[in-house]
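What follows is a single structure, written as structure tokens, with notes after it.
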Amino acid sequence: MAQFNTQMNGQPQNPPMRGAFSPIDQQQQFAYGNYAQQPQQYQAPQPGQAQPGQAPPNYDPYNMFAQGFQNNQAAQLGMQFAGSAMNAMQENVQQNVGRYVSMHQLKHYFDVSNIYVLSKLQILVFPWLQKSWNRQAQRDQSGQVAGFKSPREDTNSPDLYIPVMGLVSYVITIGLIIGRLGVFHPEDLGFTASSALGIIVFEVLLVKTFCYLLSVGSELQFLDIVAYSGYKFVTTILVVLLKPWAPWWLTWASFFYFGFALAFFMIRSMRHALIPESSAVMGVSVHRKRRIHFLFIIAMMQFLYIWILIQYKS
């Protein structure tokens, strides 16, 4: 074989190309043979060792974030400041609300059950089917009267759950009807809610004024008046749903029916407070006739309230 550094005719000669059947030297053959004979060994990752491109088995980003957050003094100081601010705001709200309404007393009016809600709705729609209207007294361990039972235990007890849900449902119903008529605007919801709340405030102030003039004491609580005044939204919703699609005579029939039903409910429910049975036993009191007239006025004004509430933009 010609040498690599030899020259022919004065020109350097390139090394010959090795073909497929060209002979190879013994050293290269020995190297190739050893590589082919050695098997490729796979090394399995050790326990707890992550594979290439994967996170470690015990890797928890949330734990790392929590550890970093705990080690950050500025973050801890911010959380302490936020917690102190929330506690101070909660105490401020409880103090301001506690001046007018007791939180324990407010929870009493929201202590309802599904059975109570269904029974109360039945009484509001068909009040003449109710036989007993007396509220059940709650007694302490010594046997003395400590108030009235909660709505969950007494169907005749007033609550605030149905009035609140009735108000929200009334506003949504008016919005849906106006939207179906194609004249809906967002401010209509605010106007409807303001009008409904205005009627409640007016009626509560009116009842409280007459209670003061007629010397009605603690028999009729402030939240009792709010609850009785809010029950009108249940019957009003039924009239509102009939008004756009029902014939005029059916709308007026439902208006008078639910008006009389609500008036009858108000008379029988508030009678125990305005005209207690003890007054009939002890004799005719000075304000008994006036209280009867006042109760009749409250009942008849329910027609006016329902008529105002069923008016909406068309």
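In this chain, residues are counted from 1 in sequence order. Below, each value reflects all heavy atoms present in this structure, side chains not excepted, and no hydrogens, waters or symmetry copies.
Contact between Ala227 and Pro163 at its shortest, heavy atoms only, is O-CG, 3.6 Å. Between Leu220 and Tyr228 the shortest heavy-atom distance is CD1-CE1, 4.3 Å. Closest approach of Ser113 and Arg152 over heavy atoms only: CB-NH1, 3.6 Å. Minimum heavy-atom separation, Gly190 to Ser194: O-OG, 2.7 Å. When all heavy atoms are compared, the tightest approach of Val112 to Pro151 is CG1-CB, 3.9 Å.
Annotation: Trp128, atom CH2; neighbour count of heavy atoms from other residues, nucleotides and ligands within 6.0 Å is above 12.
Checking side-chain atoms of Gln130 against main-chain N and O of Ser132 turns up a donor-acceptor pair under 3.5 Å. Distance alone, capped at 3.5 Å, is enough to place a donor-acceptor pair between the Arg291 side chain and the Leu274 backbone. Side-chain N or O atoms of Lys149 include none that pairs as donor or acceptor with a backbone N or O of Arg135 at under 3.5 Å. Remark: side-chain polar atoms of Thr251 are paired, donor with acceptor, to backbone N or O of Pro247 under 3.5 angstrom.
Of the N and O atoms on the side chains of Tyr109 and Asp224, at least one donor lies less than 3.5 Å from an acceptor on the other residue.
The stretch residues 167-186 participates, sequence neighbours left out, in no side chain to side chain donor-acceptor pair (under 3.5 Å) pair at all.
Counting only heavy atoms from C-beta outward, the side chains of Phe294 and Arg290 never approach each other to under 4.5 Å. Contact of the Phe202 side chain with the Ile199 side chain is not registered, since no non-hydrogen atoms from C-beta on lie closer than 4.5 Å.
Between Phe264 and Trp133, the two ring planes are perpendicular [angle over 60°; tilted spans 30° to 60°].
The six-membered or imidazole ring of Phe303 lies near that of Phe260, with a centre-to-centre distance under 6.0 Å.
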Would you be so kind as to tabulate the donor-acceptor pairs closer than 3.5 Å made by side chains of residues 231-244, with sequence neighbours excluded?
{"unit_1": "Tyr231", "atom_1": "OH", "unit_2": "Asp159", "atom_2": "N", "d": "2.9"}
{"unit_1": "Tyr231", "atom_1": "OH", "unit_2": "Asp159", "atom_2": "OD1", "d": "2.5"}
{"unit_1": "Lys232", "atom_1": "NZ", "unit_2": "Glu203", "atom_2": "OE1", "d": "2.5"}
{"unit_1": "Lys232", "atom_1": "NZ", "unit_2": "Ser229", "atom_2": "O", "d": "2.6"}
{"unit_1": "Lys232", "atom_1": "NZ", "unit_2": "Ser229", "atom_2": "OG", "d": "3.3"}
{"unit_1": "Thr235", "atom_1": "OG1", "unit_2": "Lys232", "atom_2": "O", "d": "3.1"}
{"unit_1": "Thr236", "atom_1": "OG1", "unit_2": "Lys232", "atom_2": "O", "d": "2.6"}
{"unit_1": "Lys243", "atom_1": "NZ", "unit_2": "Ile310", "atom_2": "O", "d": "3.1"}

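Grouping the Ile, Leu, Val, Met, Phe, Trp and Tyr side chains by contacts below 4.5 angstrom, directly or via other members, places Phe256 with Phe258.
Listed by chain and number, the residues in a ring pair (Phe, Tyr, Trp, His ring centres under 6.0 Å) with Phe110 amount to none (sequence neighbours excluded).
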Exercise for review: Would you sort out whether Leu167 and Leu197 count as a side chain to side chain contact (heavy atoms under 4.5 Å, CB included), showing the intermediate values?
Suggested key: CA-CA 9 Å; Leu167 174 61; Leu197 291 176; 3.5 Å; yes
